[in-house]
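When a residue number appears, it is its place in the shown sequence, counting from 1.
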Amino acid sequence: MRKPQPSIPHRRRRSPWLPTWLDAVLLVILLCCGLVLDDPGAKKHVPWLVGLQMAAHSLISELSPLGGITPRAVSVVEIDDDAFWNPPLDGVQPTNRKYLARVLEAAVKSGAAVIGLDFQLKSPSGAPGDVPSRDDDNRELSDAVADAGKAHIPVVLATGLVLYGDQWRREPNICDDRGKTGLFFPLPGARDSNPAQGPEANPLKLPVPSLSPALSACEILSGVKNVAVGYINLPADRREAPLQFQASDFDDSAPKEFDSFALQIVSACEARFQDTGSPVVCGSATATGLHHVTDLIGSDDFAYAGFIPQAAFADYRIRVEDLLGTQGALSPSWVPPAAATLKDRIVLIGATWHAWGSHRGPLVDAYSSPVGRIPGVYLHANYVEAMLRGLALPLSR
């Protein structure tokens with residue numbers, strides 16, 4: 001006689017839509033991480049959490065239709081390994097200013113709308129100045145900036161912010177440029193962070209000085225009105241478009257708001273747009289982007305920037321060797337071989353060489369981003385594009 005089988009209790013089938021305990025724990029962890037990353041100070045102490053967010057955004061960027069967009073306004077000139085580790089640069093830093101002058105002149109001849117030089121002209125001491133052996137090279141660069149002014153082309157130079165104790169301070173450049181750190185050109189309705197420069201004094205309409213050999217590099221730069229300076233520091237969370245940051249100047253004066261490199265470029269686009277009236281300037285993006293940036297400046301929130309992968313710049317990037325070609329001294333009739341890549345566009349000149357030698361070691365200036373690790377010049381390009389396209393949004397709205 002067969003023994004009766006023990007009865008098996010009926011188990012209620014769990015709905016696949018209900019979270020498991022593991023799901024709940026992971027959700028709590030993610031929420032906590034999100035709260036931590038809302039604090040800018042915490043981001044500096046837990047960079048691996050920011051890295052996780054970057055990885056998540058990198059995945060989302062690949063799936064997003066924004067990942068397929070191409071840069072509307074920005075072209076990039078790369079000083080790469082072949083240029084930096086060979087004559088005339090020869091791997092020497094600071095990067096030869098005479099060479100940078102040639103690149104800037106080529107960008108002017110190409111018909112750039114705005115030029116951003118992503119190289120800090122930093123003083124070797126705690127005050128503005130440079131070693132005498134670089135006087136001639138510095139003057140050539142200043143002459144090139146002044147020549148851009150004659151062509152009504154704004155130039156944005158770079159500066160750096162460093163932390164001294166618990167106070168941020170701006171590093172001095174080779175020239176005393178304290179009068180050029182406010183908004184290059186006041187945006188409509190924006191607070192003018194440089195009261196000495198009002199909207200009635202359009203910097204592109206003022207004359208540039210006559211370039212006498214007696215003028216020093218700093219005298220030339222102080223006389224031209226088409227130049228502005230913006231900080232190149234990047235936020236801990238690369239999704240945050242850098243706009244303004246409070247710091248003291250190198251002279252320990254009272255803290256004030258400094259404008260970012262990208263914000264100065266967007267402001268320069270407005271000046272160029274008003275000067276030409278051409279809808280082609282800066283990728284036709286000025287009309288929609290500038291009002292949006294004005295709103296962001298008045299907000300205490302960080303701004304999210306929609307990102308464009310570096311590969312998407314393929315048609316809007318150029319190696320500096322291809323820009324200069326074989327031309328040595330630039331003659332008045334010379335036209336850069338790839339001028340069409342830069343015409344009527346924002347031209348960012350930046351470093352993409354490797355730190356230890358030609359194609360050796362890490363990139364000299366690369367950072368994590370929602371689209372992977374990219375050179376800093378492409379991060380600035382993304383911030384400019386995000387502002388002009390209206391892709392930068394206050395997080396709390």
(message) For the backbone of G230 and the side chain of D259, can you confirm whether one donor and one acceptor N or O come within less than 3.5 Å of each other?
(response) no
(message) A side-chain contact here means heavy atoms from C-beta on lying under 4.5 Å apart; do P375 and V364 qualify?
(response) no
(request) Write down the atom of A144, the atom of L104, and the distance for their closest heavy-atom approach. (result) O-CD2, 3.5 Å
(message) Between R317 and D322 (salt bridge meaning N to carboxylate O under 4.0 Å), is one present in this structure?
(response) no
(request) Please test V103 against V77 for side chain to side chain contact (heavy atoms under 4.5 Å, CB included), starting from the C-alpha separation and ending with a verdict. (result) CA-CA 9 Å; V103 182; V77 175; 4.1 Å; yes
(request) Identify the two heavy atoms, one from V114 and one from C282, that lie closest to each other, and give their separation to 0.1 Å. (result) CG2-SG, 4.1 Å
(message) Main chain of S216, side chain of E219: is a donor-acceptor contact present, judged purely on distance under 3.5 Å?
(response) yes
(request) Please check if the side chain of S75 supplies one atom and the backbone of T341 the other of a donor-acceptor pair under 3.5 Å. (result) yes
(message) Check this for me, if you would: do R178 and D251 make a salt bridge, where the nitrogen-to-carboxylate-oxygen distance has to be below 4.0 angstrom?
(response) yes
(request) Evaluate the side-chain proximity of P128 to C175: yes if any heavy-atom separation is below 4.5 Å, no if none is. (result) no
(request) For the residue pair E321 and D80, establish whether any side-chain heavy-atom pair is separated by less than 4.5 Å. (result) yes
(request) Would you give the length of the straight line joining atom CZ of F307 to atom CG of L379, rounded to the nearest 0.5 angstrom? (result) 5.5 Å
(message) Nearest 0.5 Å, please: how far is NZ in K109 from CD1 in I153?
(response) 11.0 Å
(request) Mind checking the CD-CG spacing from E78 to L323? Nearest 0.5 Å is all I need. (result) 12.0 Å
(message) When you compare the side chain of D118 with that of D365, does any pair of heavy atoms fall below 4.5 Å?
(response) yes
(message) Could you go through T95 and L100, starting from their C-alpha distance and side-chain angles, then the distance that decides it, and tell me whether this counts as side chain to side chain contact (heavy atoms under 4.5 Å, CB included)?
(response) CA-CA 8 Å; T95 309; L100 294 178; 4.2 Å; yes
(message) Against V224, only a single residue in V145, D147, V155 fulfils side chain to side chain contact (heavy atoms under 4.5 Å, CB included); can you say which?
(response) V145
(request) Supply the atom-to-atom distance S358 OG to D82 CG, rounded to the nearest 0.5 angstrom. (result) 5.5 Å
(request) Mark yes or no for whether R272, through its side chain, and H152, through its backbone, hold a donor-acceptor pair below 3.5 Å. (result) yes
(request) Look only at the side chain of E385 and the backbone of A73, and say whether a donor-acceptor pair between them is shorter than 3.5 Å. (result) yes
(request) Kindly write out the residues that satisfy ring-ring contact (aromatic ring centres under 6.0 Å, His included) with F313, not counting sequence neighbours, or none if the list is empty. (result) Y378
(request) Any chance you could measure L121, atom CG, to R134, atom CZ, to the nearest 0.5 Å? (result) 10.5 Å
(message) Salt bridge check, K98 against D136: does any charged N sit closer than 4.0 Å to a carboxylate O?
(response) no
(request) Would you check if V156 and V229 make a side-chain contact, meaning some heavy-atom pair closer than 4.5 Å? (result) no
(message) Ignoring hydrogens and geometry beyond distance, is a side-chain donor-acceptor pair present between K256 and T181 at under 3.5 Å?
(response) yes
(message) Which heavy atom of W168 sits nearest to which heavy atom of L161, and what is that distance?
(response) CZ3-O, 3.5 Å
(message) Under 4.0 Å between a side-chain nitrogen and a carboxylate oxygen: does that hold for R139 and D143?
(response) yes
(request) Kindly say whether R72 contributes a backbone atom to a donor-acceptor pair with the side chain of R345 at under 3.5 angstrom? (result) yes
(request) Establish, from distance only, whether the side-chain atoms of D166 and Y164 form a donor-acceptor pair under 3.5 Å. (result) no
(request) Please confirm whether the backbone N or O of I308 pairs with a side-chain atom of N382, one donor and one acceptor, at under 3.5 Å? (result) yes
(request) Report yes if some heavy atom in the side chain of I374 is under 4.5 Å from a heavy atom in the side chain of Y367; otherwise report no. (result) no
(message) Applying a strict under-4.5 Å side-chain criterion to I, L, V, M, F, W and Y, I'd like to know whether F84 and V320 cluster together.
(response) yes
(request) Answer whether the closest heavy-atom distance between the side chains of R170 and Y231 falls below 4.5 Å. (result) no
(request) Mark yes or no for whether E140, through its side chain, and A101, through its backbone, hold a donor-acceptor pair below 3.5 Å. (result) no
(message) Main chain of A127, side chain of S123: is a donor-acceptor contact present, judged purely on distance under 3.5 Å?
(response) yes
(request) Flag the pair Q167 / P255 as yes when at least one side-chain heavy-atom distance between them is below 4.5 Å, and no otherwise. (result) yes
(request) Could you tell me whether the side chain of W85 and the main chain of H354 form a donor-acceptor pair under 3.5 Å? (result) yes
(message) Under 4.0 Å between a side-chain nitrogen and a carboxylate oxygen: does that hold for E171 and K122?
(response) yes
(request) Consider only side-chain heavy atoms of I, L, V, M, F, W and Y, link residues closer than 4.5 Å, and tell whether Y316 and V108 are in one cluster. (result) no
(request) Could you grab the distance from atom CZ of R373 to atom CG of L363, nearest 0.5 Å is fine? (result) 8.0 Å
(message) Can you tell whether the side chains of D249 and R169 come within less than 4.0 Å, N to carboxylate O?
(response) no
(message) Walk me through whether I318 and V76 qualify under side chain to side chain contact (heavy atoms under 4.5 Å, CB included).
(response) CA-CA 6 Å; I318 182 172; V76 176; over 6 Å; no
(message) Looking at every heavy atom in both A146 and I220, which two are closest together, and how far apart are they?
(response) CB-CG2, 4.0 Å
